[in-house]
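Before any comments, here is the structure.
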Amino acid sequence: MKKKYLIANWKGYLDARQSRKVAATLCSIRIPRAVTAIVCPSDSALADVTKVLHGSSIQIGSQNIDLTGRRSVRAAKDLGCRYVIVGHSSRRASGETDAMIARKLNLVERSGLTPILCVGESAKQHKAGQTNAVIEKQLSRVLKTFHGKQLIIAYEPVWAISVAGKGIACPPSTAFATAGHIRAFFRKKFPRLRVTLLYGGSVSSTNIAQYVDGKHFVGALVGFASTKPAEVKAMLRALS
Ligand code: PGA
């Protein structure tokens with residue numbers, strides 16, 4: 001059976017003390033064998049959370065790497081990260097361009113870590129029926145220089161991403177249509193790339209099984225709900 005993914009993107013919801021506490025609680029949860037569980041803490045909590053999760057079957061990811069400055073890919077790797085989120089919509093909104101995302105993707109791949117590349121359309125683009133075109137453009141630009149063999153893609157409609165748990169969930173059938181388009185794009189343009197396709201945006205224990213059907217999406221990138229251990233437990237159960 002194909003493994004499913006639950007990736008927790010804690011963003012800036014938890015401070016270092018809260019992050020340690022949530023991580024310690026997660027250690028007591030049994031991770032089903034069928035699921036790869038990854039926690040991406042905030043930058044300031046990364047080192048602490050890595051220590052708390054050491055020896056558990058939960059893996060660590062970084063929410064970002066800098067092209068210059070503080071959090072280099074090397075530093076993320078030294079801290080025990082195996083995954084790095086690249087091109088999250090909040091980064092794109094604060095000025096990250098496709099060219100920058102492409103550079104980050106290569107840095108992550110060359111250092112032996114697995115990139116989690118986020119793509120997705122804005123509310124305006126969604127309403128204008130531009131979803132597929134926008135995502136194709138994001139993928140084409142960013143992957144032009146990518147030489148890796150595998151990649152995790154998180155399709156996150158920007159308009160469906162919650163603010164502290166409040167958001168408009170995208171109907172699964174709409175998300176599935178986009179998943180079909182993304183898969184067709186890869187078959188045509190990058191047939192040799194092994195793509196793991198995830199969904200993200202207002203995912204919680206109540207809807208995760210509707211998105212992660214194993215055919216369109218094999219996992220979820222979860223923000224707010226992933227900061228609650230009871231939710232994580234329920235989502236893991238829903239995926240197994
Ligand atoms: P959300 O965040 O689950 O709170 O909508 C998802 C994300 O931004 O990755």
Side-chain angles (χ1 to χ4, degrees), residues 4-15 18-19 22 26 35-43 45-46 49 58-65 81 83-96 101 104-105 108 114-123 125-126 131 134-135 138-139 142 151-172 174-175 178-179 182 196-212 216-236 238-239:
K4 295 205 174 129
Y5 285 76
L6 180 63
I7 306 186
N9 179 10
W10 286 354
K11 306 193 206 183
Y13 287 123
L14 307 171
D15 63 23
Q18 292 165 327
S19 299
V22 173
L26 294 186
V35 182
T36 299
I38 302 160
V39 166
C40 304
S42 68
D43 245 20
L46 190 55
V49 171
I58 301 173
Q59 298 179 35
I60 302 277
S62 174
Q63 290 184 17
N64 184 33
I65 51 150
C81 292
Y83 299 85
V84 179
I85 298 175
V86 181
H88 189 269
S89 63
S90 58
R91 299 275 161 197
R92 292 181 190 260
S94 54
E96 195 162 278
I101 295 168
K104 288 187 180 187
L105 211 56
V108 172
T114 302
I116 302 162
L117 172 66
C118 299
V119 293
E121 81 287 2
S122 68
Q125 291 162 337
H126 176 69
T131 300
V134 167
I135 289 163
Q138 289 173 343
L139 289 172
V142 163
L151 186 63
I152 297 176
I153 305 268
Y155 167 54
E156 298 200 302
V158 179
W159 51 274
I161 293 177
S162 86
V163 177
K166 301 214 179 339
I168 312 158
C170 172
T174 307
T178 308
I182 294 173
T196 300
L197 187 58
L198 314 184
Y199 178 75
S202 296
V203 173
S204 69
S205 62
T206 56
N207 62 16
I208 192 165
Q210 293 170 33
Y211 293 110
V212 184
H216 298 89
F217 298 106
V218 294
L221 177 60
V222 186
F224 186 74
S226 75
T227 63
K228 315 272 175 219
E231 271 290 299
V232 173
K233 197 171 173 179
M235 287 191 280
L236 288 168
L239 290 182

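Here the structure is a predicted model, which is why all the values come from computation and not from measurement. Whatever order the structure lists ligands and atoms in, that order sets their numbers, starting from 1.
Below 4.0 Å from some heavy atom of Asn9 lie the following atoms of ligand 1, by number and element: 9 (O). Of all atoms in ligand 1, listed by their number and element, those nearer than 4.0 Å to a heavy atom of Leu221 are 9 (O). Per-residue contacts place Phe224 under 4.0 angstrom from the following atoms of ligand 1 (heavy atoms of the residue considered): 1 (P), 3 (O), 4 (O).
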Let's go through Val84 and Asn64 carefully: what are the C-alpha distance in whole Å and the side-chain angles of both, what is the deciding distance for side-chain contact (heavy atoms from CB on, under 4.5 Å) to 0.1 Å, and is it a yes or a no? CA-CA 6 Å; Val84 179; Asn64 184 33; 5.8 Å; no

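For Asn207 (side chain) and Pro172 (main-chain N/O), no donor-acceptor pair under 3.5 Å exists by modelled atom type. For the pair Gln63 (side chain) and Lys11 (backbone), a donor-acceptor distance under 3.5 Å is present.
Taking atom 3 (O) of ligand 1 as the reference point, the nearest protein heavy-atom neighbour is Gly223 N, 2.8 Å. Looking only at protein heavy atoms, the nearest one to atom 9 (O) of ligand 1 is Glu156 OE2, 2.7 Å. The protein heavy-atom contact nearest to atom 2 (O) of ligand 1 is Lys11 NZ, 3.1 Å. The protein heavy atom nearest to atom 4 (O) of ligand 1 is Ser162 OG, 2.6 Å.
Taking the six-membered ring where tryptophan is involved, the planes of Tyr155 and Phe217 are essentially parallel, since the angle between them stays under 30° and well short of 60°.
Heavy-atom distances between Ser202 and ligand 1 reach below 4.0 Å in at least one pair. Ligand 1 lies within reach of Gly201, whose nearest heavy atom is under 4.0 Å from it.
Shown here are the salt bridge (Lys or Arg N to Asp or Glu O under 4.0 Å) partners of Arg91, two or more places apart in sequence or in another chain: there are none.
Here side-chain hydrogen bond (donor to acceptor under 3.5 Å, both in side chains) pairs that include residues 221-235, with residues two or more places apart or in two chains, are Ser205-Glu231.
For Gly200, no nitrogen or oxygen atom sits less than 3.5 Å from a nitrogen or oxygen atom of ligand 1, counting backbone and side chain alike.
Nearest heavy atom pair, residue Val158 against residue Ser122, reads CB-CA, 4.1 Å.
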